[in-house]
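Quick note: residue numbers are just sequence positions, from 1.
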Amino acid sequence: MIEALLAIVGLVAGFGANTVITKQRQGSAEQKAQKELQRAKKEAEKLVSEAREEANKAVDETRKEEQSRRNELKELEKRLVGREENLDKKLDELDKRNESLRKNEDEIEHLKNEIREIRSKQQDKLEKIAKLTKAEAAEKLMQMTERDIKNDLVGLVTKLQAEARDNAEEKAALILTTAMERMASEVTAERTVSSIKLEDDEMKGRIIGKEGRNIQALQRALGVDIMVDDTPGYVVLSSFDPIRREVARQAMIMLMKDGRIHPGRIEEVVAKAQNQVEKDVVRAGEDAAREVGVIGIPKEILQLLGELKYRTSYGQNVLKHSTEMAHIAGVIAEEIGADIKITKYAALVHDLGKALTHKMEGKHHHISGEMLRKYGAPEEIALAAEQHHDDVEATTVEALIVRTVDAISASRPGARNISAENFGERMRDLENVANGFKGIEKSYAISAGREVRVFVKPQAIDDLSAIKLARDIATKIESTMQYPGTIKVNVIRETRAVEFAK
């Protein structure tokens with residue numbers, strides 16, 4: 001029992017002690033919490049105070065900036081107002097000036113009218129005094145002036161023409177002589193062969209074949225007319241195409257050497273001859289370009305250039321004529337400072353169109369320009385080649401050089417074969433052109449058609465008119481006749497005074 005009481009007393013005492021300890025701990029925690037709370041309040045108050053100070057500073061700075069902007073806007077507004085006032089003043093001044101100008105224009109117009117009236121009155125008085133109208137007076141003045149200075153004008157024109165002719169002829173003769181001396185090529189050219197000599201009548205029979213089958217096969221394969229009976233001892237080949245004619249010539253020579261002539265063999269030999277001629281054409285074009293020193297020519301142009309080997313013009317081989325021209329043109333271009341490469345290139349290909357005149361319509365120099373542009377030659381080359389005849393105006397120095405050397409090469413003695421009939425016809429045409437003008441007494445074509453001398457009637461043609469007549473005759477010759485080189489027109493006005501002493 002006592003033990004139980006002791007136990008109860010112990011429990012009560014322990015419980016009481018725990019309660020006291022617990023209260024003590026609670027009181028200590030509350031004190032700490034209050035201290036922390038007070039510390040937080042102080043820090044919050046401090047932060048609020050700092051935030052207020054920063055906010056006040058920001059407000060002050062914003063106010064200062066706003067005040068500065070207001071001041072700037074006020075200054076700008078003052079400037080704009082000042083400019084507006086200046087513009088108004090200037091506009092007022094311009095209005096005043098315009099008004100003043102209008103008044104001055106009216107006064108000037110009034111003065112002009114007064115001057116016109118005065119001039120008209122003076123002219124009327126002069127016409128009454130002189131008994132001539134204004135037009136009649138002007139005409140009389142022109143007649144008097146012309147009569148007074150006519151002799152001086154004739155002398156001046158003659159002097160200037162003589163000086164220009166002497167200087168130009170001397171310089172041109174020096175350049176052309178130098179070029180021709182440095183380029184000493186042969187002047188007699190080949191003729192394309194259109195006939196082949198037969199060895200005997202047996203070969204003639206082989207060519208014809210049984211019932212004419214061989215000659216028919218030849219004509220069909222070659223595209224040329226073959227005549228074996230027209231000229232004794234010869235086979236004549238006729239075709240408008242010089243390349244086709246050359247293929248036929250080589251094929252006939254091969255067949256005649258071989259002796260085996262039949263349709264199967266003919267096709268084989270013709271194919272071989274065509275290949276050989278194609279190679280010869282390309283080689284001829286390349287050799288010509290290499291000879292004159294022109295590089296970079298397109299293959300198609302070289303092909304057409306090589307075909308000129310089998311073309312002739314008045315008996316002159318066109319390819320030799322072209323290479324000769326290129327050499328002479330290069331020398332002249334060097335002497336006068338023109339572009340040597342363009343000049344030689346254009347001179348070499350100037351007659352390119354002659355390889356196609358049997359296939360295309362048009363003049364050969366126009367075809368030359370068209371083909372050069374088509375195959376990628378430079379435009380200045382095409383122009384110079386296209387302008388080497390008089391129907392197209394020469395627009396470059398190189399074109400003039402090509403035109404000049406074309407005349408030089410074509411007009412050399414022996415370069416071209418011209419029949420006596422054509423020569424006589426050209427001489428008559430020259431004289432007829434000159435005789436077609438009024439005031440002509442007689443005319444003569446001399447120097448193988450290189451000069452025409454025209455004698456005029458001195459009563460009908462004066463010195464000044466003689467100069468104009470020479471120019472008119474030359475112009476008509478250029479527009480109506482075809483001729484190589486140049487023709488000199490020499491108009492002669494002769495006055496003879498005859499008296500007899502008795």
Side-chain angles (χ1 to χ4, degrees), residues 18-122 295-296 298 337-342 345-346 369-370 372-384 386-387 393-399:
N18 287 332
T19 302
V20 172
I21 292 170
T22 301
K23 287 182 178 180
Q24 288 178 353
R25 287 181 179 176
Q26 287 179 349
S28 176
E30 288 177 357
Q31 290 177 357
K32 289 180 180 179
Q34 287 178 355
K35 289 180 181 179
E36 291 293 331
L37 182 58
Q38 289 176 357
R39 190 182 301 113
K41 286 181 179 179
K42 289 180 180 179
E43 290 179 358
E45 289 175 356
K46 184 179 179 181
L47 291 173
V48 169
S49 177
E50 291 177 355
R52 285 177 180 174
E53 290 178 0
E54 291 179 359
N56 291 332
K57 289 180 181 179
V59 170
D60 293 338
E61 290 177 357
T62 303
R63 287 176 181 173
K64 290 179 181 178
E65 290 179 358
E66 184 179 357
Q67 186 64 31
S68 175
R69 289 178 182 175
R70 287 180 179 177
N71 294 334
E72 289 178 358
L73 288 173
K74 287 181 181 179
E75 185 67 23
L76 182 60
E77 186 177 358
K78 288 180 181 179
R79 290 179 185 175
L80 291 174
V81 171
R83 288 184 180 180
E84 188 176 357
E85 291 176 353
N86 290 333
L87 287 174
D88 291 338
K89 290 180 182 179
K90 289 182 179 180
L91 289 172
D92 293 338
E93 291 177 359
L94 288 174
D95 291 338
K96 292 178 181 178
R97 286 184 183 180
N98 288 334
E99 186 65 27
S100 176
L101 287 173
R102 290 194 196 95
K103 292 180 180 178
N104 291 336
E105 287 177 357
D106 293 339
E107 292 177 359
I108 291 171
E109 188 64 29
H110 181 67
L111 290 174
K112 284 183 178 179
N113 292 332
E114 290 182 356
I115 291 171
R116 291 192 188 98
E117 291 177 1
I118 293 171
R119 185 182 296 172
S120 178
K121 291 178 181 178
Q122 288 178 344
I295 60 175
D339 192 306
I340 299 174
K341 181 179 178 181
I342 291 175
Y345 194 157
E370 183 181 345
L372 288 167
R373 293 186 181 94
K374 178 179 178 181
Y375 294 124
E379 178 62 21
E380 55 268 24
I381 305 296
L383 279 176
E386 190 175 40
Q387 296 170 356
E393 182 181 0
T395 57
T396 63
V397 177
E398 291 77 16

- Item | Shortest non-hydrogen separation from Ala346 to Ala384 and the atoms involved | CB-CB, 3.5 Å
- Note: Glu66-Arg69 ion pair, threshold 4.0 Å (strictly below): no
- Neighbour count above 12 (heavy atom, 6.0 Å) for Ile295 CD1: no
- In Å and rounded to the nearest 0.5 Å, what is the CD to CD distance from Glu398 to Gln387? 10.5 Å
- Looking only at atom types and distance, does a side-chain atom of Ser100 sit under 3.5 Å from a main-chain N or O of Lys96, one as donor and one as acceptor? no
- Item | side chain to side chain contact (heavy atoms under 4.5 Å, CB included) assessment of Leu47 paired with Glu50 | CA-CA 5 Å; Leu47 291 173; Glu50 291 177 355; 4.1 Å; yes
- Could you tell me the separation between the CG atom of Asn86 and the CZ atom of Arg83, rounded to the nearest 0.5 Å? 9.5 Å
- Message: Pair His110, Glu114 - check side chain to side chain contact (heavy atoms under 4.5 Å, CB included), show working.
- Response: CA-CA 6 Å; His110 181 67; Glu114 290 182 356; 2.8 Å; yes
- Should Asp95 and Glu99 count as side-chain neighbours, where that means a heavy-atom distance under 4.5 Å? no
- Query: Is Arg39 salt-bridged to Glu43, going by a charged N under 4.0 Å from an acidic O?
  - Reply: no
- Query: Looking at OG1 of Thr396 and CD1 of Ile342, how far apart are the two atoms once the value is rounded to the nearest 0.5 Å?
  - Reply: 8.0 Å
- Check whether any side-chain heavy atom of Lys42 sits under 4.5 Å from a side-chain heavy atom of Lys46, and report yes or no. no
- Item | side chain to side chain contact (heavy atoms under 4.5 Å, CB included) partners for Glu109, two or more places apart | Lys112, Asn113, Arg116
- Query: Which heavy atom of Tyr345 sits nearest a heavy atom of Pro378, and at what distance?
  - Reply: CE1-CD, 4.4 Å
- Roughly how far apart are Lys89 NZ and Leu91 CG, rounded to 0.5 Å? 12.5 Å
- From NZ (Lys32) to CG (Leu37), nearest 0.5 Å: 16.0 Å
- Query: Which heavy-atom pair separates Leu372 from Ile381 by the least distance, and what is that distance?
  - Reply: CD1-O, 4.2 Å
- Going through the checks in order, is the side chain to side chain contact (heavy atoms under 4.5 Å, CB included) test met by Asn98 and Arg102? CA-CA 6 Å; Asn98 288 334; Arg102 290 194 196 95; 4.1 Å; yes
- Task: Report, as yes or no, whether the 6.0 Å neighbourhood of atom CD on Glu77 holds more than 12 heavy atoms from other residues, nucleotides or ligands.
- Result: no
- Query: Going through the distances and angles, do Leu383 and Arg373 end up as a side chain to side chain contact (heavy atoms under 4.5 Å, CB included)?
  - Reply: CA-CA 9 Å; Leu383 279 176; Arg373 293 186 181 94; 3.7 Å; yes
- Note on the structure: To the nearest 0.5 Å, atom CD of Glu65 lies from atom CG of Asp60 at 11.5 Å
- So do the side chains of Arg79 and Glu75 get within less than 4.5 Å of each other, counting heavy atoms only? yes
- Query: Taking C-beta and beyond as the side chain, do Glu380 and Thr395 meet within less than 4.5 Å on heavy atoms?
  - Reply: no
